[in-house]
Engineer: 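I have a structure here, written as structure tokens, and I will follow up with some questions on it.
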Protein chains: 2
Amino acid sequence: MNISEARTRIVATADELYNARGIQAVGMDELRAAAGVSLKKLYQEFPSKGSIVMAVLERRHRSWAEGLEATVRQAATPRERLLAIFDYLAQWFCEDSFRGCGFINSFAELGAVSPEVAEYAREHKASFQDYVVRLANEAGAPSYLAPQLSILAEGAQTTAAIAGTTEAARQARSAAEVLIDTALGGRSSRAA
Amino acid sequence: MNISEARTRIVATADELYNARGIQAVGMDELRAAAGVSLKKLYQEFPSKGSIVMAVLERRHRSWAEGLEATVRQAATPRERLLAIFDYLAQWFCEDSFRGCGFINSFAELGAVSPEVAEYAREHKASFQDYVVRLANEAGAPSYLAPQLSILAEGAQTTAAIAGTTEAARQARSAAEVLIDTALGGRSSRAA
DNA sequence: ACCGAGCGAGAACGAACGTTCTCCCCTCTC
DNA sequence: GAGAGGGGAGAACGTTCGTTCTCGCTCGGT
């Protein structure tokens with residue numbers, strides 16, 4: 001077995017388990033069993049559980065960024081690209097495994113106790129916000145639009161996670177339409 | 001010492017500690033020390049840690065509902081009452097102890113493992129959404145407005161928590177103004 | 001003054017967890 | 001074929017945690 005293949009499987013399995021049940025609720029032995037590796041190999045690939053958590057966060061960040069980018073790329077106009085954020089959310093919420101944003105969850109679980117996790121969650125959110133800023137700029141929108149849309153996206157994620165329904169994506173999208181059209185149409189009017 | 005006074009102090013202390021460091025990171029012994037009660041009294045008042053967690057959630061719910069209601073009541077018009085939601089958030093985010101919505105956090109930490117916690121978080125969010133629906137109705141807004149504002153409020157909370165800044169309240173408020181004015185002004189136009 | 005009930009302090013217990021160690025088998029090399 | 005090295009299974013270790021138990025003290029009633 002390739003050493004890097006074991007790593008990949010460990011991180012992928014950890015991602016699933018941590019997402020489904022929470023990081024602290026999944027022990028190393030359960031992860032070992034689910035990933036089909038020995039404990040020795042686990043600790044050969046990762047020095048500690050904390051480093052697995054960080055690897056999972058990196059994987060989640062990559063997966064999110066790539067998935068979002070792929071959905072956005074399909075949109076034709078700058079306005080549609082901004083709205084594509086919410087289409088991506090809608091599709092994500094439909095997955096059986098959806099249990100809320102993994103960064104919000106890990107921040108809530110470990111942010112107060114692990115500076116690394118807190119910092120990575122912050123970076124992930126900042127990178128998303130930067131991305132929205134870029135999309136908003138390409139649409140020629142005033143600078144206050146991007147944070148508004150980011151907040152809508154965050155809210156849709158937690159609402160969908162806790163309520164267990166998918167409608168928040170649609171509701172957030174319709175709100176985003178209003179915000180975008182107002183920002184693009186009525187130049188000069190209102191600022192944050 | 002009044003028996004109910006001990007209860008109150010235990011729950012208040014647990015609220016602080018759980019909020020600051022996470023539920024799972026705070027042991028019964030630390031709670032006992034911080035609340036200044038004996039372990040015996042602790043288990044005399046509550047059968048288990050889980051029941052303390054539920055009592056904390058109930059306290060948080062009451063505190064949230066009362067604080068929100070108090071802020072909303074100060075607003076003069078239905079439109080301002082809707083916006084008061086975000087003034088309440090702004091004020092909350094400024095508190096040193098703010099570390100995100102306690103229900104989102106406890107849901108992320110224990111929701112997958114404790115059906116009671118998950119259910120209570122759901123109920124809390126549903127009750128907030130109902131409240132927004134009521135305020136929106138009093139403003140004569142179409143039914144799609146309330147979920148939009150609820151999502152904004154959720155998003156502001158997680159954004160403020162992770163970024164560690166307070167500006168999300170202001171940004172969400174300005175977005176809410178747009179959504180409210182659009183919903184109240186352009187009757188018939190767009191629905192969710 | 002004495003007895004019993006209640007309380008605080010903290011030891012004790014059992015379980016779970018992260019991490020390391022041991023033992024055994026397989027395999028590859030000479 | 002013998003020996004060594006690596007890897008898997010899982011026992012072991014030390015810690016932490018939730019919960020219970022023990023012990024000694026205090027205090028109120030008669």
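Here is how names work: the chains are called A, B, and so on, in the same order as the sequence lines, proteins then strands, and each is numbered from 1. Computed from heavy atoms alone, side chains included, the values below leave out hydrogens, waters and symmetry copies.
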Engineer: Distance check needed: D:dT16 C1' versus A:Lys49 NZ, whole Å only.
Structural biologist: 14 Å
Engineer: To the nearest angstrom, how far is A:Phe46 atom CZ from C:dG18 atom P?
Structural biologist: 15 Å
Engineer: Give the rounded distance in Å between these two atoms: NZ of A:Lys41 and P of C:dG18.
Structural biologist: 21 Å
Engineer: Between A:Gly27 and B:Arg32, which has a closest nucleotide on DNA chain C that is more 5'?
Structural biologist: B:Arg32
Engineer: Nearest to the side chain of B:Ser38, heavy atoms from C-beta on, is which of C:dG8, D:dT19, C:dT19?
Structural biologist: C:dG8
Engineer: So what does A:Lys40 touch, heavy atoms closer than 4.0 Å: a base, only the sugar-phosphate, or nothing?
Structural biologist: base
Engineer: What is the separation between atom CG on A:Leu42 and atom C1' on C:dT20, rounded to the nearest whole Å?
Structural biologist: 13 Å
Engineer: To the nearest Å, how far apart are A:Ile23 CD1 and C:dA16 P?
Structural biologist: 21 Å
Engineer: Is it true that B:Arg62 and B:Glu66 make a salt bridge, defined as a side-chain N closer than 4.0 Å to a carboxylate O?
Structural biologist: no
Engineer: Taking the side chain of A:Ser48 as heavy atoms from C-beta outward, which of C:dG8, C:dT19, D:dT19 is closest to it?
Structural biologist: C:dT19
Engineer: Could you grab the distance from atom CD of B:Glu167 to atom CD1 of A:Ile151, nearest 0.5 Å is fine?
Structural biologist: 8.5 Å
Engineer: Measure the distance from CD on A:Glu109 to P on C:dC17 and round it to the nearest whole Å.
Structural biologist: 13 Å
Engineer: Output every pair passing side-chain hydrogen bond (donor to acceptor under 3.5 Å, both in side chains) with a member in residues 95-115 of chain B, not counting sequence neighbours, ordered by first then second residue.
Structural biologist: none
Engineer: How long is the line joining CZ of B:Arg21 and C1' of D:dC17, in whole Å?
Structural biologist: 14 Å
Engineer: How do A:Gln24 and A:Leu39 order along DNA chain C: which one's closest nucleotide is nearer the 5' end?
Structural biologist: A:Gln24
Engineer: If you compare every side-chain N and O of B:Gln44 against the phosphate oxygens of C:dC7 (OP1, OP2), does one of them come in below 4.0 Å?
Structural biologist: yes
Engineer: How would you list all residue pairs meeting side-chain hydrogen bond (donor to acceptor under 3.5 Å, both in side chains) that involve residues 46-58 of chain B, not counting sequence neighbours?
Structural biologist: none
